[in-house]
Protein chains: 2
Amino acid sequence: MSKCEQCIIRQFNSLKSLTKEELIRISGCKTTKTIKKGEIIFEEGENINGVFCVKDGICKLSKLSANGKDQIVKLVVKGDLLGQRSLVGEESANLSAVALNDMEVCFIPKHEIMNDLQQNSKFSFDVLQQMAKDLKESDDIIVNMAQKSVKQRLAETLIYVYNHFGNNDEGFLDVILSREDYANIVGTATESAIRILSQLKKEGLISTSGKQIKIEDLKGLESIE
Amino acid sequence: MSKCEQCIIRQFNSLKSLTKEELIRISGCKTTKTIKKGEIIFEEGENINGVFCVKDGICKLSKLSANGKDQIVKLVVKGDLLGQRSLVGEESANLSAVALNDMEVCFIPKHEIMNDLQQNSKFSFDVLQQMAKDLKESDDIIVNMAQKSVKQRLAETLIYVYNHFGNNDEGFLDVILSREDYANIVGTATESAIRILSQLKKEGLISTSGKQIKIEDLKGLESIE
DNA sequence: GACAATATATGATATTTGTCATGTTTTAAC
DNA sequence: GTTAAAACATGACAAATATCATATATTGTC
């Protein structure tokens, strides 16, 4: 089994602030899992009791609302920690995590890492910083949800995916989301998301091939209002 | 000047985890301010470089969106800390804070409290817990914004205000928000908020007297869909 | 490569929400 | 108390978005 202290992924998250000794101990108790596209990592209400370090792949964090629709709150990617909130409270998960492509994650049990969170102040400060960043992002999303049109939000989502995950060889966005996923990020009906993508296509801002989307005019997308 | 170590307010926030020595030091460098209703405590983009401990009163945290409307993200009340995020990053404030009634706050400069955040792990863990709670709340608001109707959101806001601030002697909500504030919490046009309040009045779920609102049928409000 | 399952696409229509206009009430200042 | 400013209220209409129906395309499976 691979070792945390040699794992390059930890450079991207708070685990980088652990000492070599701490890493070795954690390496001994972690479990590595492979998760297939579409599989559930954990569900709303579940007791996860640990954090996942995402070695590869992408997943969505979402919450089921009363009307039966899933609202995607955040995309979690390679290098991120997943389930950090489970460390600081006894409550169960507020969101569900579902893989958007094949993933590899390491699970670190809560009881193994809690000591470090209490003792290693550099580590806990790092976690605090990450949480503060997440909070800022969530607050910004609230403002967008409340004040921007569906078209603007969808355009911004495309730009977000482009900025964070880039293109593949053929120039298509490297992360493939279904129209339903886009709708669930933007907070609209699937048909509305589809309709707006068609519209963006007609306006020459994007092009598509099946589920793949290519951004043709970034400036144009940015200036939608 | 009053002393932090004797201040009862700190029991309600993370400052309760500071040692007596830490409190005495902080007491010596804090400044107490009185803020009148409507006054700005800090603005988006400002460098606040410290936290405010709210001794009395209520303020709104909001962000100006591109279309010129203010979106209220959170209400901060007596006992809360304000500006916690300024402690964990160098960036300027993401939100503006404006008093909703007369307030009394104590300002603690960042450089005085940063050491405690790094050294006192109980304190930093407390801050972390609060941040995690805020994050959960923000995520829940995103879901509500995306998936619920304006009427539902407004009803929930009324219930929220009722649960958190209660009634005055005459049975009216003890916090008086303008119709515009309600609109800015819910993320709708002021006229829409007014219209829906009128509707709720006709349905017998609330009654009003000027800006004052009385909840007449809590169950009814809760069951709007 | 055929087939079923799933996802995408689009029209027609209903509903929700926003905008503009205008009048009334409330609040706060003198 | 008067009065001007601000906040509240409501109608008429426009725009945005959701819903329902149905057709087509794509994807994964055998």
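Residue numbering restarts at 1 for every chain, and letters A, B, ... go by the order of the sequence lines.
- Between A:Ser198 and the phosphate of C:dT8, there is no side-chain N or O to OP1/OP2 separation shorter than 4.0 Å.
- Atom CD1 in B:Ile213 sits about 11 Å away from atom C1' in D:dC8, given to the nearest Å.
- Between B:Ile41 and B:Val98 the shortest side-chain heavy-atom distance does not fall below 4.5 Å.
- Residue B:Thr190 places none of its side-chain N or O atoms closer than 4.0 Å to OP1 or OP2 of D:dC8.
- Look at CD on B:Glu180: it is 16 Å from P on C:dT27, rounded to the nearest Å.
- Both tests pass for B:Lys33 against the ring of B:Phe107: distance under 6.0 Å to the centre and angle within 45° of the axis.
- The distance between atom NZ of B:Lys211 and atom P of C:dT27, rounded to the nearest whole Å, is 8 Å.
- OP1 or OP2 of C:dG18 sits under 4.0 Å from a side-chain N or O of B:Ser192.
- The distance from atom CZ of B:Arg153 to atom P of C:dT16 is 13 Å, rounded to the nearest whole Å.
- Backbone-only contact: A:Ser149 has heavy atoms under 4.0 Å from sugar-phosphate atoms and none from a base.
- The residue A:Lys148 sits apart from the nucleic acid: no heavy atom pair falls under 4.0 Å.
- For B:Glu191 and C:dC20, the CD to C1' distance is 8 Å, given to the nearest whole Å.
- If you take CG of B:Asp102 and P of C:dA28, they are 12 Å apart, rounded to a whole angstrom.
- A 4.5 Å side-chain heavy-atom check between A:Lys202 and A:Gln199 finds every atom pair outside the cut-off.
- In terms of phosphate contacts, B:Lys201 brings a side-chain nitrogen or oxygen within less than 4.0 Å of OP1 or OP2 of D:dA9.
- OP1 or OP2 of D:dA7 has not a single side-chain nitrogen or oxygen of B:Ser178 nearer than 4.0 Å.
- Within 6.0 Å of atom CZ in B:Phe165, more than 12 heavy atoms from other residues, nucleotides or ligands are found, so the atom counts as buried in its surroundings.
- Heavy-atom distances to DNA chain C give each of B:Val150 and B:Lys37 a nearest nucleotide, and the one nearer the 5′ end belongs to B:Val150.
- Look at CZ on B:Arg195: it is 11 Å from C1' on D:dC13, rounded to the nearest Å.
- OP1 or OP2 of C:dA9 sits under 4.0 Å from a side-chain N or O of A:Arg179.
- Summarising the geometry, the separation between CG on B:Asn67 and P on C:dT17 is reported as 17 Å, rounded to the nearest angstrom.
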* To do: Report the C-alpha distance between B:Arg85 and A:Lys136 in whole Å, list the side-chain angles of each, state the deciding distance to 0.1 Å, and finish with yes or no for side chain to side chain contact (heavy atoms under 4.5 Å, CB included).
  => CA-CA 9 Å; B:Arg85 275 200 39 250; A:Lys136 175 184 188 303; 3.5 Å; yes
